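When reading the values below, keep in mind they use all heavy atoms of this one structure, side chains included, and skip hydrogens, waters and symmetry mates. Here the structure is a predicted model, which means the values were calculated and not measured.
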Number of protein chains: 2
Amino acid sequence: MATHQSAGFAALADPTRRAVFERLARRPLSVQQIADGLPVSRPAVSQHLKVLAAAGLVAHDRDGTRRVYRVDMRGIAAMRGYLDRFWDHALAAFKAAAEKEETDA
Amino acid sequence: MATHQSAGFAALADPTRRAVFERLARRPLSVQQIADGLPVSRPAVSQHLKVLAAAGLVAHDRDGTRRVYRVDMRGIAAMRGYLDRFWDHALAAFKAAAEKEETDA
DNA sequence: ACTTACGGTAAGATATCACTTACCATCTGC
DNA sequence: GCAGATGGTAAGTGATATCTTACCGTAAGT
């Protein structure tokens, strides 16, 4: 999973798909409800949800024929973990460089 | 910048480009050095670096005719900030749901 | 059983992306 | 000034992504 990061970043790279994700973050919605709020067709929304689900960023519950989608924390956690690694590393390198600068001066 | 998140996610969505970024995280490298360690041509690396730079994920210093690229913390910070918003929100919603579940039971 | 609402999937068109080779500009050292 | 090294950019190509319409399956209500 740690080597599979493409899915998450690719999922949030598309503006329409990120809009879907952001709306689900506000509150769970059905497919139709998402489509109503966006300038794309319902099948397009279904396809976006498929990509988001594959990245672990959304999940859904059934309610009759409806599917209520919601954000899935696991995907967010994976992406945060990936970025945190580089953040920590870059921060450590920055601090080391700053201290070296100070010692040299 | 906060509404311009596509650049960062799109930049890290491509496996080759993410490989470039990860190598720069280990240590600063010239364009040629990056290309030597990857199965793509040097111009391809230049193009990837352009995308990463536009997303604020890398920067470079001059050393004669060479350009030594390094990671730029600002881009990482922006992406972390974006994800953290959703993380905090999802975590709060999860806790609220868990407590409600407990109250109902 | 029939109708309606909901939503996933297929097929196809257009746009965008990542890569290549070719070319050009800049800086260094002789 | 010349030669070599370094790297950005242009043009073209093949692959991929996103969208559309059309179609099909499933669940609920009458």
Closest non-hydrogen contact found for B:Leu83 with A:Ile76 is O-CG2, 4.0 Å

Specify the closest pair of heavy atoms between A:Ala11 and A:Leu52, including all atoms of both residues, with the distance to one decimal. CB-CD2, 4.0 Å

Between A:Ala90 and B:Met73, which heavy-atom pair has the shortest distance, and what is it? CB-CG, 3.7 Å

Figure out the CZ/C1' separation between B:Arg18 and C:dA18, and round it to whole Å. 15 Å

Can you pull the side chain to side chain donor-acceptor pair (under 3.5 Å) pairs that have at least one residue in residues 40-55 of chain A, sequence neighbours excluded? A:Arg17-A:His48

Interatomic distance, B:Leu49 CG vs D:dT6 P [rounded to whole Å]: 16 Å

Here the distance between atom C1' of C:dG8 and atom NE2 of A:His60, to the nearest Å, is 10 Å

Phosphate OP1/OP2 of D:dG7: any B:Lys50 side-chain N/O under 4.0 Å: no

Spacing between B:Arg67 atom CZ and C:dA25 atom P, to the nearest angstrom: 15 Å

So which heavy atom on B:Leu24 is nearest to which on B:Leu49, and how close? CD1-CD2, 4.0 Å

B:Arg62 CZ - D:dT6 C1' separation (whole Å): 12 Å

DNA chain C contacts made by residues 38-45 of chain B, counting heavy atoms under 4.0 Å: B:Val40, B:Ser41, B:Pro43, B:Ala44

Could you state whether B:Tyr69 and A:Trp87 fall into the same hydrophobic cluster, counting links through intermediate Ile, Leu, Val, Met, Phe, Trp or Tyr residues with side-chain heavy atoms under 4.5 angstrom apart? yes

I need the minimum non-hydrogen distance between B:Val58 and B:Phe21, along with the two atoms involved. CG1-CD1, 4.2 Å

OP1 or OP2 of C:dC6 less than 4.0 angstrom from a side-chain nitrogen or oxygen of A:Tyr69, does that happen here? no

Between A:Leu57 and A:Met79, is the side chain to side chain contact (heavy atoms under 4.5 Å, CB included) condition met? List the steps. CA-CA 10 Å; A:Leu57 287 166; A:Met79 295 183 71; 4.2 Å; yes

Starting at CD of B:Gln32 and ending at P of C:dC27, how long is that distance when rounded to a whole Å? 19 Å

Interatomic distance where CZ belongs to B:Arg66 and P belongs to D:dG8 [whole Å]: 12 Å

What N/O pairs connect the protein and nucleotides 28-30 of chain D at under 3.5 Å? Give each pair on its own line.
none

Could you work out, with side chain to side chain contact (heavy atoms under 4.5 Å, CB included) as the rule, every residue matching B:Ala10, not counting sequence neighbours? A:Ala13

Interatomic distance, B:Gln33 CD vs D:dT6 P [rounded to whole Å]: 9 Å

Would you tabulate the pairs of protein nitrogen or oxygen atoms and nucleotide nitrogen or oxygen atoms of nucleotides 15-18 of chain D closer than 3.5 angstrom?
from   : atom 1 : to      : atom 2 : distance (Å)
D:dT18 : OP1    : A:Arg17 : NH2    : 2.9
D:dT18 : OP2    : A:Arg17 : NH1    : 3.1

For A:Val68 and A:Pro28, which heavy atoms make the closest approach, and how far apart are they? CG1-CB, 3.6 Å

Any salt bridge (charged side-chain N to carboxylate O under 4.0 Å, His left out) involving residues 20-30 of chain A? Give me the pairs, sequence neighbours left out, ordered by first then second residue. A:Arg18-A:Glu22

